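These values consider heavy atoms only, across backbone and side chains, with no hydrogens, waters or symmetry-generated copies. Order of the sequence lines sets the chain letters (A, B, ...), proteins ahead of strands, with each chain counted from 1. Since we're looking at a predicted model, the values are computed, not measured.
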Amino acid sequence: MQDSYNPHKLEPLVQQEWEQQRTFETVEDEKQEKFYCLSMFPYPSGHLHMGHVRNYTIGDVISRYQRMRGKNVMQPMGWDAFGLPAENAAIRNRVPPAKWTYGNIDYMRAQLKRLGFAYDWSRELATCDPEYYRWEQWFFTKLYEKGLVYRKKAMVNWDPVDQTVLANEQVIEGHGWRSGARIERKEVTQWFLKITAYAEELLKDLGQLDGWPEQVKTMQANWIGRSEGVEVIFDVDSQQALNVFTTRPDTLFGVTYIAVAPEHDLAVHASKSSAEIAVFLQECAKTRVSEAEISTLEKRGIDTGLYATHPLTQEKIPIWVANFVLIEYGSGAVMSVPAHDQRDWEFAEKFGLPIKPVVFPEQGSVCVDISQGAFLERGWLQNSGQFDGMSSDRAFDAIADELEHRNKGQRQVNYRLRDWGISRQRYWGCPIPIINCDRCGVVPVPEQDLPVCLPEDVDFENAVLPLKSLPGFYEVKCPECHGAATRETDTFDTFFESSWYFARYCCADNDASMLDDRVRYWMPVDQYVGGIEHAVLHLLYARFFNKLMRDAGLCANDEPFINLLTQGMVLKDGTKMSKSKGNTVDPQNLIDKYGADTVRLFVMFAAPPAHNLEWSDSAVEGSYRFINKLWRLTKSHAEQGVTCSDGKLFECLNGDQASLRRKIHETIQKVTDGVGRRYAFNTAIAANMELVNEVIGFDDPSPPGRAVCQEALEAVVLMLAPILPHVCHILWQRLGHEVPVNSAAWPDVDARALIKDMVEMVVQVNGKKRATIQVPTGMGSDGIEHIAQHNENVVRFIENRKIVKVIVVPGRVVNIVVN
RNA sequence: GCCCGGGUGGCGGAAUAGGUAGACGCAAGGGACUUAAAAUCCCUCGCCCGUAUCGGGCGUGCCGGUUCGACUCCGGCCCCGGGCACCA
């Protein structure tokens with residue numbers, strides 16, 4: 001054993017041993033319980049950042065812990081390799097995206113290896129590899145055959161100068177980030193996946209995800225947004241009708257106007273005969289497509305001059321265009337009831353539209369104050385014809401019945417969830433395997449022609465490279481009629497790749513099919529670890545894709561991830577660390593200075609995994625000091641000869657020895673629960689630090705004393721091995737063991753060691769702490785109460801007062817209530 | 001704007017089921033060792049008061065409530081972070 005702790009010498013040696021022994025390569029074994037531990041794969045941006053280090057250390061600690069519990073643990077790693085940053089780098093550095101990406105992968109793989117993560121590298125995959133994306137192209141054609149994909153027009157951000165589609169991120173305050181031009185909305189035909197066909201199941205199955213944080217399930221449920229209501233038909237003229245969905249048919253008589261989105265057919269139609277409306281629509285078109293943007297805009301609107309007919313009263317209802325109505329959501333039109341909806345109320349106030357109350361807080365009354373805002377609650381109807389006097393609940397049904405009877409509406413379940421638009425007008429992505437033929441129409445690329453490979457040797461001369469500018473790519477023969485045809489030049493949303501990679505890891509070497517039987521052994525993932533920012537989009541798409549694969553017979557499980565740990569973000573200066581904000585911290589400097597174990601210890605100790613972690617450069621030093629302390633302690637113990645920690649010596653221990661031994665087993669109990677159940681790694685580390693501090697203060701050269709000391713050090717080394725795998729590998733050997741620590745069994749609690757004679761309790765008077773007392777373990781309430789009431793300091797507060805009540809919580813607290 | 005989180009010493013955090021607020025660590029200050037430095041070890045460390053190893057008062061973003069007892073539960077507010085469908 002080296003004299004002093006030297007991670008730079010020790011860590012590469014230990015890593016070399018793991019590599020030579022193939023310690024972390026895993027094969028299916030029906031006799032052994034499996035544990036699939038997965039961390040969200042990184043985008044190869046160039047360097048690991050602190051968020052990666054945190055994410056992957058958490059996953060590695062869980063993997064190594066489960067391995068010590070005897071599970072067959074599979075922990076894979078790969079690369080989410082398609083995406084926008086590669087195109088930006090290509091423009092900046094004149095290097096093809098593929099080259100840049102593969103270079104980054106090589107660098108980051110080396111960084112991950114330097115951190116000592118227990119990955120099965122034989123399963124590594126990169127989503128930009130045709131051997132990977134050919135299967136999602138194949139799967140897309142299967143979904144096409146099943147009718148689960150379709151084309152429709154949708155809005156994109158358009159940069160009129162660069163003549164290119166921009167991502168939301170690329171629009172800075174309404175202008176293209178490169179050209180600076182005011183962006184416009186533009187309609188483009190795109191491919192969609194029918195995720196709404198699975199809305200009900202995606203919502204219902206949240207109920208079986210007991211291992212997911214409530215927070216994430218709530219966000220997904222709200223995102224899916226199931227609501228029950230009525231679709232109401234408002235006739236515009238003899239040819240046209242407007243369908244609007246409402247969850248409040250009881251307010252139908254309070255409708256005073258209808259608002260449509262600026263892209264709605266009626267709005268476009270009205271603009272043809274009114275220059276004023278045309279200008280308004282043009283203004284509305286100069287804003288980004290995102291919902292956040294639209295909902296924070298000042299509410300603006302304009303009268304179209306058109307009217308719709310109220311389905312029950314036959315009144316003429318004016319139709320307005322409003323900038324806050326989303327064309328994407330529902331029918332792009334809403335019925336407005338300003339008396340009972342706050343947003344409608346504000347719009348009506350601003351434009352002088354009538355506000356007609358129809359629901360009142362008390363039965364039979366027509367009193368409600370709507371001067372300061374809308375009345376949102378349910379109540380009793382008036383001003384509603386035959387429905388006057390009904391409660392909102394009764395009126396819901398009565399009005400729905402009446403509409404259905406008159407063929408002017410029907411009950412409907414509505415979802416906020418929209419179908420998933422998967423087309424991207426970008427180069428660095430997976431080509432959509434479709435050929436457009438003038439004669440045969442849309443033709444999916446036949447299986448034998450897959451993969452449709454993305455040309456990788458390209459030059460970004462003009463700052464943007466759509467596949468449209470590569471005739472060698474898009475000029476093809478139609479697979480059906482063999483005439484000249486055009487290949488689809490859009491690529492998939494990169495969420496497409498990340499929606500099924502977890503299944504592919506189970507059989508990454510299969511070049512004959514997308515998935516195989518091994519998926520049935522490994523799936524579902526037992527533990528998924530990743531950032532909270534993925535709570536909705538990625539995690540919902542992955543759940544959806546899993547169900548698509550199940551229905552295609554490719555896997556058996558309904559849900560992909562049993563347990564989910566969403567780690568908080570590593571913030572710098574109070575905001576998310578990200579490349580685009582330029583506030584990243586390079587962990588490489590820390591690894592170079594302190595080694596991998598210190599960095600791992602620090603990220604696990606600094607905060608509980610689910611919390612955000614505000615980065616600070618100090619405090620790493622303390623982690624390094626602790627490892628040194630443990631090193632010196634083990635060294636000086638081992639130099640006096642290692643002892644066998646067998647049970648006999650523990651039978652008659654003196655007070656100090658028994659007390660240290662109790663501390664050992666209390667710590668094992670706490671740490672096992674902390675690591676195995678609660679994800680409380682920071683307090684598990686603190687508990688080990690406490691135990692180490694006690695061992696340092698324990699100086700007993702007798703055989704039982706040394707045996708207890710040996711037991712303590714073994715326990716600490718075993719419990720810290722998942723976090724500090726390198727140094728614990730060496731320390732475990734030094735404590736006299738031949739089996740490597742990563743294959744050793746997690747320590748067990750000896751219940752006999754936990755027994756205590758006396759227990760400390762707090763005495764309160766009227767809820768204020770007045771004393772602490774020692775009472776025999778297992779003493780009854782009467783005895784405890786007696787001791788408490790005779791404590792010197794307690795007496796000062798209770799004498800000459802009447803005791804009203806005494807509460808005794810055994811083992812914790814006594815509260816004496818006096819008046 | 002809507003949905004979801006969070007707010008505790010100088011700092012990161014602890015308090016698992018409503019029962020001792022501040023574990024563990026960082027920073028800081030004082031001391032020991034040393035020619036010196038590094039390393040290491042010891043002591044102090046929420047605020048205020050007193051008769052100062054002890055005792056008292058206050059204290060977990062703000063206001064109010066429930067309870068013998070609230071960081072924890074309930075109602076209202078403020079601030080910070082994440083997501084909002086083309087960043088990943």
| request: For A:Asn222, answer base if it contacts any base atom (sugar-phosphate contacts may also be present), sugar-phosphate if it contacts only those atoms, and nothing otherwise; contact means non-hydrogen atoms under 4.0 Å. | output: sugar-phosphate
| request: Remember a base hit wins even if backbone is also touched, and classify A:Trp420 as base, sugar-phosphate or nothing at under 4.0 Å, heavy atoms. | output: nothing
| Side-chain N or O of A:Asn793 less than 4.0 angstrom from OP1 or OP2 on B:G56? | yes
| query | Does the ring center of A:Phe82 lie less than 6.0 Å from the ring center of A:Phe492? | reply | no
| query | Using atom P of each nucleotide, how far apart are B:A14 and B:C24 to the nearest Å? | reply | 14 Å
| query | Would A:Tyr133 and A:Phe496 count as a close aromatic pair, with their ring centres under 6.0 Å? | reply | no
| message | It should be established whether A:Arg770 places a side-chain nitrogen or oxygen under 4.0 Å from OP1 or OP2 of nucleotide B:G57. | response | yes
| message | Tell me whether the side-chain N/O atoms of A:Asn693 come closer than 4.0 Å to OP1 or OP2 in B:G25. | response | yes
| Glycosidic conformation of B:A15, taking syn as within 90° of 0 and anti otherwise | anti
| task | Indicate, with a heavy-atom threshold strictly under 4.0 Å, whether A:Leu537 touches base, sugar-phosphate, or nothing. | result | base
| query | Do A:Asp597 and A:Tyr624 meet the criterion of a side-chain donor-acceptor pair at a distance under 3.5 Å? | reply | no
| Across the strands shown, which category fits A:Val165 at heavy-atom distances under 4.0 angstrom: base, sugar-phosphate, nothing? | base
| What about A:Gln190: does its side chain form a donor-acceptor pair under 3.5 Å with the base of B:C86? | yes
| task | Look at the side chain of A:Asn815 against the base of B:C68 and say whether a donor-acceptor pair falls under 3.5 Å; ignore hydrogens and angles. | result | yes
| Roughly how many Å is it from NE2 in A:His611 to C1' in B:G6, rounded to a whole number? | 8 Å
| field | Any A:Arg812 side-chain N or O less than 4.0 Å from OP1/OP2 of B:G18 | value | no
| field | Any A:Lys670 side-chain nitrogen or oxygen under 4.0 Å from OP1 or OP2 of B:C24 | value | no
| query | Under 6.0 Å between the ring centres of A:Tyr541 and A:Trp420? | reply | yes
| field | Nearest-nucleotide 5' precedence on RNA chain B, A:Gly421 against A:Ile696 | value | A:Ile696
| query | For A:Tyr329, which contact category applies under a 4.0 Å heavy-atom criterion: base, sugar-phosphate, or nothing? | reply | nothing
| message | Just to be sure I understand the rule, does A:Phe495 reach a base, reach only the sugar-phosphate, or reach nothing, if contact means heavy atoms closer than 4.0 Å? | response | base
| request: Determine, using ring centers only, whether A:Tyr528 and A:Trp212 are less than 6.0 Å apart. | output: no
| Are A:Arg678 and B:A17 close enough that a side-chain N or O sits under 4.0 Å from OP1 or OP2? | no
| query | When all nucleic acid strands are considered with a 4.0 Å heavy-atom cut-off, which category describes A:Arg625: base, sugar-phosphate, or nothing? | reply | sugar-phosphate
| Contact class for A:Ala535 vs. all strands (heavy atom < 4.0 Å): base, sugar-phosphate, or nothing? | nothing
| Are a donor atom and an acceptor atom from the side chains of A:Asn628 and A:Arg625 found within less than 3.5 Å of each other? | no
| request: Answer with base, sugar-phosphate or nothing: what part of the nucleic acid does A:Glu760 contact at a heavy-atom distance below 4.0 Å? | output: base
| Base, sugar-phosphate, or nothing for A:Ala686, non-hydrogen atoms under 4.0 angstrom? | base
| query | Reckon A:Gln764 touches a base, only the sugar-phosphate, or nothing at all at heavy-atom distances under 4.0 Å? | reply | base
| note | A:Tyr43 OH to B:C87 C1', in whole Å, measures 10 Å
| said: Taking donor-acceptor contacts at under 3.5 Å, does the side chain of A:Gln425 reach the base of B:C86? | reply: yes
| Any N or O donor-acceptor pair linking the side chain of A:Thr296 to the base of B:G1 at under 3.5 Å? | no
| message | Does A:Val817 reach a base, just sugar-phosphate, or nothing at all? Heavy atoms under 4.0 Å. | response | sugar-phosphate
| query | Want to settle it: does A:Ser295 or A:Gln170 sit nearer the 5' end of RNA chain B, counting the closest nucleotide to each? | reply | A:Ser295
| side-chain N/O A:Thr218 vs B:C4 OP1/OP2, d < 4.0 Å | no
| field | Separation between the C1' atoms of B:G25 and B:C45, rounded to whole Å | value | 14 Å
| request: Look at all strands and tell whether A:Val156 reaches a base, only sugar-phosphate, or nothing, counting heavy atoms closer than 4.0 Å. | output: base
| query | Just how far, in rounded Å, is P of B:C84 from CD of A:Glu291? | reply | 11 Å
| task | Check whether NZ of the Lys or CZ of the Arg A:Arg416 lies under 6.0 Å from the centre of the six-membered ring of A:Trp223 and within 45 degrees of that ring's axis. | result | yes
| How would you label the contact of A:Gln215 with the nucleic acid (heavy atoms, under 4.0 Å): base, sugar-phosphate, or nothing? | sugar-phosphate
